[in-house]
Amino acid sequence: MKFNPNEVVFEKIRYIETFDPTTKQLISRLTNVKEPTLNFTSEGTQVTDAQGAEIVTFYNAAQGTLSYTNAIHSFDLLAEQFSSDKNVASEDKKIVAPVSEILEITDSKVTLKYVPVGTAGAEIKYVQLINDENEFGETLEVSATIAEGKFTINAEDRTLTFHSGTTGRVIVDYEAEMSEAISLTKTTDSMPPVRTLHVHCYFRNKCDNNIKYIGVISFPRAQIDISSVDVGLTPDGGHAVSYKLQKPYCDETGQLCSVFVYKD
């Protein structure tokens with residue numbers, strides 16, 4: 001008997017993959033997909049007779065929307081929403097990133113975690129003391145020599161030295177080169193790339209739950225909708241995304257999506 005399933009139980013989305021539609025290179029893979037929805041729309045044009053009775057309705061301009069939330073925050077997904085490359089640092093290609101530290105002054109000195117970068121001798125221009133109410137206190141300025149209200153910096157040794165008698169905690173904000181870091185940048189005129197999406201699913205036989213089917217829904221042309229991007233900034237907020245689904249414009253077949261199902 002030919003394999004020809006009809007009614008099945010949808011179990012879950014296994015993962016969603018995005019590809020470069022030209023090179024077919026895998027761009028990202030999301031494995032914690034929840035709350036997925038798939039919607040298709042078409043424009044209907046009614047043909048009526050002389051009395052206004054409908055004869056037929058023609059449907060065209062079919063398009064769709066795929067929306068879901070990744071339960072875990074994804075920087076690959078954020079890069080797509082930013083229309084940005086995800087820059088990955090290395091020893092040969094370090095990324096300059098902002099750093100903020102609160103340090104206890106000991107013997108008029110503090111030691112930074114990283115080597116600060118910037119103008120030599122003034123890699124850090126200001127620091128702020130923390131007062132007794134745990135708020136901003138006095139602002140100290142970098143100097144070539146130690147003086148009251150000033151501090152000196154030795155960037156190579158990661159050391160700040162304060163005037164004698166300066167005690168307590170200090171807020172230090174600076175920039176440092178990182179060999180283990182990533183960076184993303186969103187600009188105001190960015191255009192989201194067009195991708196090919198593969199939605200990998202699990203189905204179960206409705207009569208025998210031990211029989212599992214694998215499904216793949218393929219969208220040849222999908223573009224992230226950046227008209228409204230909501231990124232949860234809480235542990236349970238998730239990472240929501242929506243794709244606009246359209247046929248490749250020059251594709252005469254008008255393929256919007258394809259569905260494949262096969263035995264596990």
Side-chain angles (χ1 to χ4, degrees), residues 15-33 68-103 109-128 141-142 144 151-161 170-198 200 221-227 229-235 237-243:
Y15 46 83
I16 295 179
E17 296 176 322
T18 64
F19 299 85
D20 184 300
T22 302
T23 66
K24 311 303 181 184
Q25 177 186 352
L26 179 64
I27 303 297
S28 68
R29 193 170 188 262
L30 299 177
T31 61
N32 286 273
V33 175
Y68 61 89
T69 298
N70 203 58
I72 300 175
H73 187 90
S74 168
F75 289 115
D76 288 343
L77 180 55
L78 189 62
E80 294 280 286
Q81 291 173 316
F82 278 10
S83 310
S84 162
D85 292 329
K86 184 173 76 170
N87 300 310
V88 181
S90 65
E91 287 294 340
D92 298 328
K93 187 182 177 182
K94 296 182 179 180
I95 289 175
V96 177
V99 179
S100 181
E101 296 188 66
I102 297 179
L103 303 169
K109 292 185 178 182
V110 296
T111 301
L112 306 174
K113 184 174 183 179
Y114 305 99
V115 175
V117 298
T119 304
E123 291 86 354
I124 299 172
K125 191 170 183 180
Y126 300 103
V127 300
Q128 285 75 35
E141 186 177 2
V142 71
F151 67 93
T152 61
I153 182 171
N154 186 324
E156 186 177 351
D157 291 342
R158 300 180 288 116
T159 302
L160 307 184
T161 303
V170 63
I171 301 171
V172 186
D173 290 283
Y174 60 99
E175 292 186 331
E177 289 184 330
M178 307 289 184
S179 60
E180 294 183 315
I182 63 170
S183 68
L184 310 170
T185 301
K186 180 171 176 58
T187 59
T188 57
D189 59 351
S190 57
M191 178 68 69
V194 174
R195 300 300 190 199
T196 294
L197 293 187
H198 287 175
H200 296 261
R221 189 181 191 280
Q223 188 175 38
I224 275 187
D225 186 352
I226 61 171
S227 60
V229 176
D230 296 318
V231 181
L233 296 179
T234 59
H239 194 156
V241 62
S242 180
Y243 282 90

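Starting from 1, each residue takes its place in the sequence as its number. Atoms considered below: every heavy atom in the structure, side chains included; atoms not considered: hydrogens, waters and symmetry mates.
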Chemist: Could you check if a side-chain atom of S84 sits within less than 4.5 angstrom of a side-chain atom of K186, using non-hydrogen atoms only?
Modeler: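 No - every pair of side-chain heavy atoms lies 4.5 Å or more apart.
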Chemist: Taking the side chain as everything from C-beta on, heavy atoms only, tell me whether I124 gets closer than 4.5 Å to L112.
Modeler: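 A side-chain contact exists here, since the closest heavy-atom pair is under 4.5 Å.
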Chemist: Closest approach of F75 and L184, non-hydrogen atoms and distance?
Modeler: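 That closest heavy-atom pairing would be O-CD1, 3.9 Å.
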Chemist: Using a 4.5 Å cut-off on heavy atoms from C-beta on, say whether the side chain of V172 contacts that of F151.
Modeler: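 Sidechains of V172 and F151: no contact.
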Chemist: Between I27 and F19, what is the shortest heavy-atom contact and its length?
Modeler: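 Closest pair (atom of I27, atom of F19, distance): CG1-C, 3.9 Å.
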Chemist: Kindly indicate whether the side chain of H239, heavy atoms from C-beta on, has any atom under 4.5 Å from the side chain of V231.
Modeler: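 They are in side-chain contact.
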Chemist: Any side-chain heavy atom of M191 sitting closer than 4.5 Å to one from Q223?
Modeler: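 Yes, their side chains come closer than 4.5 Å.
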Chemist: Output yes when a side-chain donor or acceptor of E123 lies under 3.5 Å from a complementary backbone atom of I153, and no otherwise.
Modeler: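 No: the side chain of E123 does not pair with the backbone of I153.
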Chemist: Looking only at side chains, do S28 and T18 share a donor and an acceptor under 3.5 Å apart?
Modeler: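 The answer is yes; a qualifying pair exists.
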Chemist: Where is the tightest heavy-atom contact between E180 and A89, given as atom of each residue plus distance?
Modeler: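 What the structure gives for the nearest pair is N-CB, 4.3 Å.
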Chemist: OH/Y68 to CD1/I16 distance, rounded to the nearest 0.5 angstrom?
Modeler: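 The CD1 atom of I16 is 4.0 Å from OH of Y68, to the nearest 0.5 Å.
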Chemist: Measuring from E80:CD to I226:CD1, what's the distance to the nearest 0.5 Å?
Modeler: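 Here the rounded value is 11.0 Å.
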Chemist: So, taking the atom named NZ in K24 and the one named OG1 in T196, what distance separates them when rounded to the nearest 0.5 Å?
Modeler: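 It comes to 5.0 Å.
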Chemist: Report yes or no: do D225 and S227 form a side-chain donor-acceptor pair below 3.5 Å?
Modeler: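 Result is yes, a qualifying pair exists.
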Chemist: Taking the side chain as every heavy atom from C-beta outward, state whether N154 and E156 have any pair of such atoms under 4.5 Å apart.
Modeler: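 A side-chain contact under 4.5 Å exists here.
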Chemist: Do you know which two heavy atoms are closest between P192 and I224, and how far apart they sit?
Modeler: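 Scanning both residues completely, I find the closest heavy atoms to be CG-O, 3.6 Å.
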Chemist: Nearest 0.5 Å, please: how far is CG in N32 from NE2 in H73?
Modeler: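 Output value for this atom pair is 13.0 Å.
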Chemist: Side chains of D20 and R195: closer than 4.5 Å at any heavy-atom pair?
Modeler: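 Yes, close enough: below the 4.5 Å cut-off.
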Chemist: Compare every heavy atom of V99 with every heavy atom of M178, then report the nearest pair and how far apart it is.
Modeler: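 Taking every non-hydrogen atom into account, CE-CG2, 3.6 Å.
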Chemist: Could you tell me if the side chain of Y15 sits less than 4.5 Å from the side chain of V33, heavy atoms only?
Modeler: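 V33 does not reach Y15 side chain to side chain.
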Chemist: Does the side chain of S183 pick up a donor-acceptor pair with the side chain of N87 at under 3.5 Å?
Modeler: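 Side-chain D/A pair, S183 to N87: present.
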Chemist: Among V127, T152, V142, exactly one meets side-chain contact (heavy atoms from CB on, under 4.5 Å) together with L160. Which residue is that?
Modeler: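 Among V127, T152, V142, the one that satisfies the side-chain contact (heavy atoms from CB on, under 4.5 Å) with L160 is V127.
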Chemist: Please find the pair of heavy atoms, one from A155 and one from V115, that lie closest to each other, and give the distance.
Modeler: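 The answer is O-CG1, 3.5 Å.
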Chemist: Rounded to the nearest 0.5 Å, how far apart are CD of E17 and OG1 of T31?
Modeler: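 Result: 11.0 Å between the selected atoms.
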Chemist: Parallel, tilted or perpendicular: which fits the ring planes of Y174 and Y114, with parallel below 30° and perpendicular above 60°?
Modeler: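 Plane angle between 30° and 60°, so tilted.
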Chemist: For the atom pair OG (S74) and NZ (K86), what is the distance rounded to the nearest 0.5 Å?
Modeler: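 If I round to the nearest 0.5 Å, the distance is 7.0 Å.
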